[in-house]
**Q** 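Quick one: the structure is below, and I'll ask about it shortly.
Values reported hereafter were calculated over all heavy atoms of this structure, with side chains retained and with hydrogens, waters and symmetry mates removed.
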Amino acid sequence: MNLGQKKPATRPRHTLPLHVIAWVVGAFMIIPVVYALLGGFKSNSELSANPFGLPTTWETANYTDVLGSASFWGQMWNSTFIAVATTVITVALSALAGFVFARFAFRGRELFFTLFTAGLMFPFAVAILPIFVLLRALGLLDSPLGVILTQAAFGLPLTIIILRGFFRSIPGEIEEAATIDGCSAFGFFWRILLPMARPAIATVSVLAIVGSWNNFMLPLVVFSEEASWTLPLGIQQFQGQYASDTARILAYLILAMVPALGFYAIAERHLVGGLTAGATKG
């Protein structure tokens with residue numbers, strides 16, 4: 001018997017239930033997407049007769065008709081513009097606020113931070129009427145800026161919490177060394193802290209973009225003109241227009257999901273790293 005031979009690593013048995021739960025949750029999430037993807041390649045008659053099987057005849061016209069629609073690309077542009085603008089404003093303001101809350105000591109700091117975190121407990125649906133009145137008074141109805149500023153305001157609490165936790169995990173010795181080298185507070189924030197916070201920035205950017213992309217209620221309240229609609233509103237209108245054409249609705253839904261899923265797939269590694277960085281650094 002070779003005493004120097006290493007035994008193969010065995011996975012602890014207590015992790016088996018966690019893996020089973022992960023597979024079950026993953027199945028609940030992926031099965032509807034696969035169903036919609038395959039359903040978009042079927043005719044309505046085949047979708048009714050064979051809802052879960054592979055298409056016998058791949059009907060690509062459902063997807064090409066949607067891709068050839070000018071309204072679809074207009075809604076795609078509106079969603080992209082609003083999501084990117086919301087993310088830039090949210091991340092920029094939250095990074096500055098998180099830096100102040102994390103690296104500066106001043107009277108009332110924790111009180112102000114508590115006020116920000118209280119925003120997490122404020123339901124958006126409750127505020128929809130005051131938001132509508134405020135946007136109407138400011139002349140921001142039927143304007144992308146009305147959606148962008150509102151989404152950024154509601155995205156600030158969670159973003160500040162995540163970035164503050166990351167900024168606090170950066171060792172103080174790094175800031176002291178930068179100060180000795182003549183770096184100002186803003187210079188330390190811009191040149192050192194932000195590059196180190198890249199995983200956290202990616203995390204909050206993904207959350208802001210996906211949240212904006214899926215937002216339905218706020219654009220519904222703000223926009224009355226079809227030219228300003230985002231993809232969630234377009235899906236509702238498309239579903240009403242083609243209520244009997246389920247296969248085409250599924251194709252529209254899948255194409256509307258592709259940009260957000262693609263962005264998430266690209267940033268997934270940074271998303272996981274950013275969520276755990278505050279607990280592993282320092």
Side-chain angles (χ1 to χ4, degrees), residues 79-122 124 144-145 147-215 259-282:
S79 292
T80 303
F81 172 74
I82 291 175
V84 172
T86 299
T87 302
V88 170
I89 294 175
T90 303
V91 174
L93 295 179
S94 298
L96 291 170
F99 173 62
V100 172
F101 285 131
R103 314 299 296 195
F104 288 86
F106 56 91
R107 181 177 299 179
R109 182 183 67 173
E110 296 303 321
L111 176 61
F112 282 113
F113 182 71
T114 303
L115 291 177
F116 274 105
T117 57
L120 293 173
M121 300 179 290
F122 194 70
F124 176 77
L145 196 60
V147 177
I148 292 169
L149 294 179
T150 306
Q151 289 184 155
F154 276 87
L156 285 175
L158 179 60
T159 310
I160 290 175
I161 291 173
I162 294 176
L163 293 181
R164 185 208 189 207
F166 189 92
F167 291 157
R168 293 185 69 177
S169 68
I170 303 299
E173 291 79 3
I174 297 178
E175 184 174 3
E176 293 175 2
T179 304
I180 293 174
D181 290 338
C183 192
S184 63
F186 183 78
F188 169 72
F189 167 76
W190 182 257
R191 298 178 183 177
I192 300 175
L193 205 59
L194 279 186
M196 295 180 67
R198 198 171 301 168
I201 297 295
T203 298
V204 295
S205 298
V206 171
L207 296 177
I209 286 180
V210 174
S212 173
W213 195 270
N214 295 329
N215 197 341
L261 289 175
F263 178 79
Y264 178 83
I266 295 173
E268 182 267 342
R269 178 172 59 88
H270 296 288
L271 176 64
V272 175
L275 288 174
T276 59
T280 57
K281 289 182 177 292

**Q** Roughly how far, to the nearest 0.5 Å, is CD1 of Ile82 from CD of Gln151?
**A**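 Between Gln151 CD and Ile82 CD1, I get 6.5 Å after rounding to 0.5 Å.
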
**Q** Applying ring pair (Phe, Tyr, Trp, His ring centres under 6.0 Å), name anything that partners Phe81, two or more places apart in sequence or on another chain.
**A**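 If we apply the ring pair (Phe, Tyr, Trp, His ring centres under 6.0 Å) test to Phe81, skipping adjacent residues, the hits are Trp77.
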
**Q** Scan residues 173-191 for pairs that pass side chain to side chain donor-acceptor pair (under 3.5 Å), counting only residues two or more places apart or in two chains.
**A**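 Output for this query lists Arg103-Glu175.
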
**Q** If every non-hydrogen atom of Cys183 is compared with every non-hydrogen atom of Gly187, which pair is closest and at what distance?
**A**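 Closest approach of Cys183 to Gly187: SG-C, 3.3 Å.
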
**Q** Do you know the tightest heavy-atom contact between Phe104 and Ala185?
**A**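 Looks like CZ-CB, 3.9 Å.
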
**Q** Taking C-beta and beyond as the side chain, do Val91 and Ile201 meet within less than 4.5 Å on heavy atoms?
**A**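 Answer yes - side chains close enough.
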
**Q** If you compare all heavy atoms of Ile174 against all heavy atoms of Met196, which two are closest, and at what distance to 0.1 Å?
**A**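 Distance-wise, the nearest heavy atoms are CD1-CE, 3.9 Å.
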
**Q** Could you state the interatomic distance from OG1 (Thr86) to CG (Asn215), rounded to the nearest 0.5 Å?
**A**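 Rounded to the nearest 0.5 Å, the OG1-CG separation comes to 8.5 Å.
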
**Q** Which heavy-atom pair separates Ala152 from Ile89 by the least distance, and what is that distance?
**A**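 The answer is CB-CG2, 3.8 Å.
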
**Q** Suppose the criterion is salt bridge (Lys or Arg N to Asp or Glu O under 4.0 Å): which pairs have a residue in residues 147-171, not counting sequence neighbours?
**A**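 Checked against salt bridge (Lys or Arg N to Asp or Glu O under 4.0 Å) - neighbours excluded - the pairs reaching residues 147-171 are Glu110-Arg164.
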
**Q** Using 30° and 60° as the class limits, which term best fits the ring planes of Phe99 and Phe188: parallel, tilted or perpendicular?
**A**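 Judged by the thresholds at 30° and 60°, the geometry between Phe99 and Phe188 is tilted.
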
**Q** Is the backbone N or O of Phe166 less than 3.5 Å from a side-chain atom of Ser169, with the two atoms forming a donor-acceptor pair by type?
**A**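 Yes: the side chain of Ser169 pairs with the backbone of Phe166.
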
**Q** Check whether any side-chain heavy atom of Leu163 sits under 4.5 Å from a side-chain heavy atom of Phe101, and report yes or no.
**A**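 Result no, sub-4.5 Å side-chain heavy-atom pair not found.
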
**Q** Which heavy-atom pair separates Ser94 from Leu156 by the least distance, and what is that distance?
**A**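 Shortest heavy-atom separation between Ser94 and Leu156 comes out as OG-CD2, 3.1 Å.
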
**Q** Measure up the Phe112 and Phe106 rings against each other and bin them: parallel (under 30°), tilted (30 to 60°), perpendicular (over 60°).
**A**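 Judged by the thresholds at 30° and 60°, the geometry between Phe112 and Phe106 is tilted.
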
**Q** Minimum heavy-atom separation for Ser212 to Ala83, with atom names?
**A**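 That closest heavy-atom pairing would be OG-CA, 3.3 Å.
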
**Q** Would you compute the distance between atom CZ of Phe167 and atom CD1 of Ile160 and round it to the nearest 0.5 angstrom?
**A**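 Those atoms lie 11.0 Å apart.
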
**Q** Please report the interatomic distance CD1(Ile148) to OG1(Thr87), rounded to the nearest 0.5 Å.
**A**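 It comes to 10.0 Å.
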
**Q** Is any side-chain heavy atom of Thr117 closer than 4.5 Å to a side-chain heavy atom of Ile161?
**A**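 They are in contact (side-chain heavy atoms under 4.5 Å apart), so the answer is yes.
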
